[in-house]
Amino acid sequence: MKKLLFYLVLSSFPLAAQKVNPPAPYGALPSPQQVQWQQMEYYMFIHFGPNTFTNQEWGHGDEDPKVFNPTRLDARQWARTAKAAGMKAIIITAKHHDGFCLWPSKFSNHTVRESAWKNGQGDVLRELSNACKEYGLKFGVYLSPWDRNHPAYGTPEYNQIFANTLDEVLSSYGEVFEQWFDGANGEGPNGKRQEYDWKLFHSVVFKHQPKTIIFSDIGPGCRWMGNEAGIAGETNWSTLNTDGFGMGAAAPSTSVLNTGNENGKYWIPAEVDVSIRPGWFYSPDTDDRVKTLTHLMKIYYSSVGRNSNLLLNVPVSREGLIHPNDSTRLMEFRKTLDASFKTNLARGKAATASAVRGKDKRFAASNLVDGNYESYWTTDDAVRQASLVVDLGRPTAINRVVLQEYIPLGQRVKSFRVEAWDGSKYVQIDQQTTIGYKRILVFPTLKTAKVRVTILDANACPVLSEVGIYKAPELLSNPEISRTRQGVVTISSDVADPVIRYTTDGTEPTMASTRYTAPFDYAKGGVIKAKAFIKNGAESSETIPASFDVAPANWSVVTTDNASRSAANRAIDSNPRTLWQTARQEGSSKHPHELVINLGESLSLKGFTYTPRQDGQTGGTIYQYSFYVSENGIDWKPVLENQAFANIRNNPVKQEVAFASPQQARFIKLVALSSVNEKEHWASAAEVGVMVH
Ligand code: FUL
């Protein structure tokens with residue numbers, strides 16, 4: 001009898017279940033450090049240096065080191081802020097393109113030692129690495145090999161000098177979790193470029209920090225994802241083919257960096273680097289332009305939500321502190337993230353799958369809802385399609401689904417669909433391509449009792465760690481402020497029945513501020529701040545600021561080469577979606593190119609603005625330029641000669657260039673001297689404007 005029972009018990013489990021093995025890893029795989037790195041998800045970038053004090057994005061390297069003089073520097077405040085924001089680490093620009101070292105380097109004469117700060121006795125890396133330890137944050141360094149200060153840059157000796165510099169940093173401040181290499185390779189003080197010896201640089205990094213993740217365009221630890229706007233590809237493979245490629249201009253195209261290569265040879269996951277302000281460095285001009293909470297949430301979903309880590313730049317101010325506008329926004333961001341992902345509605349619910357590997361419990365669908373990344377659901381080797389159902393028990397309001405692959409076994413899923421049960425059938429919520437370490441789907445709130453995830457295609461049997469289902473708070477959408485060429489302002493909102501209030505004196509709109517009812521004239525310009533209210537002010541949007549200068553209502557284009565004047569009018573039509581560009585034919589289109597504008601009246605100009613094309617392309621975007629003014633359109637006075645729009649290729653935001661002193665003028669002339677794309681000889685602009693306020 002005993003024997004029979006034993007036999008029955010045994011036979012009720014398929015024999016295979018006893019010895020089914022986990023699936024074999026597929027394709028390129030992450031190192032254990034890369035898995036740990038991916039699990040950090042979100043950390044802080046800090047841009048800080050002489051640029052902080054000079055309103056520049058790319059310092060020239062000839063700045064007086066004495067300009068670096070933060071009055072109240074407190075690295076503990078930075079670390080405290082990062083920690084409170086939910087971040088896991090801080091990476092700082094130890095040396096940016098201007099060559100200035102935030103530590104007293106033996107290998108440079110352009111450092112904190114030569115600055116006014118702490119009488120030359122300070123060391124920012126020491127203070128920050130200590131603060132990171134105190135707050136349980138990891139510490140990382142950005143070092144630019146491009147050095148516009150070092151006299152040896154552009155000579156063979158410089159590679160060893162840069163290697164020594166790395167050696168110094170990486171052996172002095174404890175563990176460095178990430179070494180951030182900027183691929184930029186411009187000219188140095190002697191007008192020459194350096195041929196970087198990356199092999200040497202990497203060997204120094206790994207000598208001191210064998211576990212560090214090296215960031216660059218092409219890794220090897222993690223890769224740039226192709227833009228500075230915070231938007232990783234919807235399809236995002238953590239694998240990349242880098243054989244034959246290099247950094248900077250030699251890197252794979254930005255669109256490839258954005259999506260990775262399916263079945264790429266190496267595991268080089270994406271990192272999104274984006275600034276909380278329009279530029280990377282602090283400027284008092286951008287105190288009011290900290291990205292909105294809504295914008296930061298969008299960035300979170302297009303970075304962490306698309307299989308990327310998020311490296312969010314928070315520039316330290318001239319005081320040496322994180323400005324309250326940035327830290328307030330970071331706290332709102334943290335609060336919204338917590339509220340969104342606090343309760344996983346799928347946790348512990350019944351989960352079933354159309355197929356389970358060897359019918360073995362170890363690989364069952366219940367692993368998807370256990371909150372443990374290490375346990376996973378998978379199928380037999382031959383399976384490429386399978387579906388999973390999470391039963392929430394009763395109709396539940398949801399608006400986010402989070403999926404995670406178990407990446408130690410590789411990235412496998414090529415496409416999947418998510419559906420909600422409407423009581424009688426499944427209705428599609430979304431269909432997407434890759435998952436990777438984490439994929440977050442965002443959709444309008446719906447009520448459902450069951451969510452079905454169907455893997456539609458995969459490179460090998462799917463292996464998923466977790467399925468999360470959430471109901472995130474809905475943010476009231478923000479008003480949008482726009483102005484026509486004639487100077488008429490419209491404030492729109494897609495909220496039902498909003499009450500929009502606005503101010504023009506820089507103050508925060510309240511329920512007592514002017515109510516927006518119809519478009520109004522604002523041709524002279526200034527700052528408008530608008531806010532949408534509902535339920536008698538009980539709920540409100542964020543405050544949206546917009547600053548306008550004098551409207552180009554009466555402006556006209558006087559001359560421009562190789563393009564019709566009407567096309568050139570697109571540069572002064574107040575619509576950044578339209579474009580002026582010079583002809584592109586070979587020969588007929590060589591730099592310089594000029595755009596002459598008649599302002600219709602004589603104005604006292606504080607500066608000018610240039611908005612590069614906003615369509616994601618870089619063709620014709622101006623890099624070097626000169627700017628002239630005139631009262632009569634005949635006699636021209638140079639105001640700025642041979643200047644450059646720093647970092648405009650990667651960060652194509654509106655450029656605001658202030659003059660050293662106001663210039664009275666009725667005519668302006670922008671002369672394009674070169675393009676951001678070196679071999680290209682034509683010019684383009686979305687908008688050109690002036691600053692009088
Ligand atoms: C770029 C640099 O040129 C920018 O100034 C900034 O540091 C950004 C993070 O990387 O390549």
Side-chain angles (χ1 to χ4, degrees), residues 43-61 63 89-102 124 140-149 153 162 178-188 193-194 196 198 201 213-219 221-232 246-254 257-258 270-283 286 291 299 303 308-316 612 618 621 623-624 643-653 655 676-678:
Y43 35 92
M44 186 183 274
F45 213 175
I46 290 181
H47 276 63
F48 187 44
N51 294 344
T52 307
F53 302 85
T54 57
N55 258 2
Q56 297 195 86
E57 281 294 303
W58 283 357
H60 294 265
E63 294 76 23
I90 300 181
I91 300 178
I92 186 158
T93 53
K95 173 166 101 100
H96 203 253
H97 308 325
D98 59 11
F100 185 85
C101 301
L102 292 181
V124 180
V141 285
Y142 165 118
L143 279 132
S144 164
W146 180 24
D147 190 322
R148 300 174 101 180
N149 171 271
Y153 181 88
F162 186 65
E178 183 169 327
Q179 166 64 52
W180 218 93
F181 277 130
D182 196 303
N185 181 353
E187 289 162 2
R193 286 187 191 197
Q194 184 73 30
Y196 300 139
W198 286 110
F201 304 161
I213 297 293
I214 294 187
F215 167 100
S216 81
D217 293 334
I218 55 167
C222 66
R223 72 174 196 267
W224 187 44
M225 63 76 219
N227 61 64
E228 294 181 357
I231 309 167
M247 313 283 189
S253 71
T254 49
L257 294 177
N258 200 237
E271 180 184 83
V272 162
D273 60 314
V274 59
S275 184
I276 198 165
R277 293 183 177 223
W280 289 98
F281 283 89
Y282 175 83
S283 161
T286 58
K291 287 189 169 69
I299 287 174
S303 56
S308 278
N309 276 4
L310 171 56
L311 174 60
L312 180 62
N313 181 63
V314 184
V316 163
T618 57
T621 291
Y623 179 50
Q624 286 158 309
Q643 300 296 308
F645 297 120
N647 201 31
I648 195 172
R649 189 176 199 280
N650 290 343
N651 190 18
V653 295
Q655 309 288 304
V676 291
N677 302 311
E678 285 193 358

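Everything numeric in this text was worked out from a predicted model, so none of it was measured. Counting convention: from 1, in listed order, for ligands and their atoms alike. If you read the sequence from its start, that first residue is 1, and numbering goes on from there. Every heavy atom of this structure was used, including side-chain atoms; hydrogens, water molecules and symmetry mates were not.
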Holding to ring pair (Phe, Tyr, Trp, His ring centres under 6.0 Å), I want the full list of residues that pass it with Trp180, two or more places apart in sequence or in another chain.
Phe45, Tyr142, Phe215
List in chain and number order the residues that pass salt bridge (Lys or Arg N to Asp or Glu O under 4.0 Å) with Arg223, two or more places apart in sequence or in another chain; answer none if no residue qualifies.
none
Interatomic distance, CD1@Ile648 vs CH2@Trp58, rounded to 0.5 Å, equals 10.0 Å
Please name all residues satisfying ring pair (Phe, Tyr, Trp, His ring centres under 6.0 Å) with Phe162, sequence neighbours left out, ordered by chain then number.
Phe201
Report the residue from Thr52, Asn313, Thr93 that forms a side-chain hydrogen bond (donor to acceptor under 3.5 Å, both in side chains) with His47.
Asn313
Atom pairs and distances, ligand 1 N/O vs protein N/O under 3.5 Å:
{"unit_1": "ligand 1", "atom_1": "3 (O)", "unit_2": "Trp58", "atom_2": "NE1", "d": "3.0"}
{"unit_1": "ligand 1", "atom_1": "3 (O)", "unit_2": "His97", "atom_2": "NE2", "d": "2.8"}
{"unit_1": "ligand 1", "atom_1": "5 (O)", "unit_2": "Trp58", "atom_2": "NE1", "d": "3.1"}
{"unit_1": "ligand 1", "atom_1": "5 (O)", "unit_2": "His96", "atom_2": "NE2", "d": "3.0"}
{"unit_1": "ligand 1", "atom_1": "7 (O)", "unit_2": "His47", "atom_2": "NE2", "d": "2.7"}
{"unit_1": "ligand 1", "atom_1": "7 (O)", "unit_2": "His96", "atom_2": "NE2", "d": "2.9"}
{"unit_1": "ligand 1", "atom_1": "7 (O)", "unit_2": "Tyr142", "atom_2": "OH", "d": "3.3"}
{"unit_1": "ligand 1", "atom_1": "10 (O)", "unit_2": "Asp182", "atom_2": "OD2", "d": "3.1"}
{"unit_1": "ligand 1", "atom_1": "11 (O)", "unit_2": "Asp182", "atom_2": "OD1", "d": "3.1"}
{"unit_1": "ligand 1", "atom_1": "11 (O)", "unit_2": "Asp182", "atom_2": "OD2", "d": "2.7"}

His97 and Trp146 aromatic ring geometry - parallel, tilted or perpendicular at 30°/60° bounds
tilted
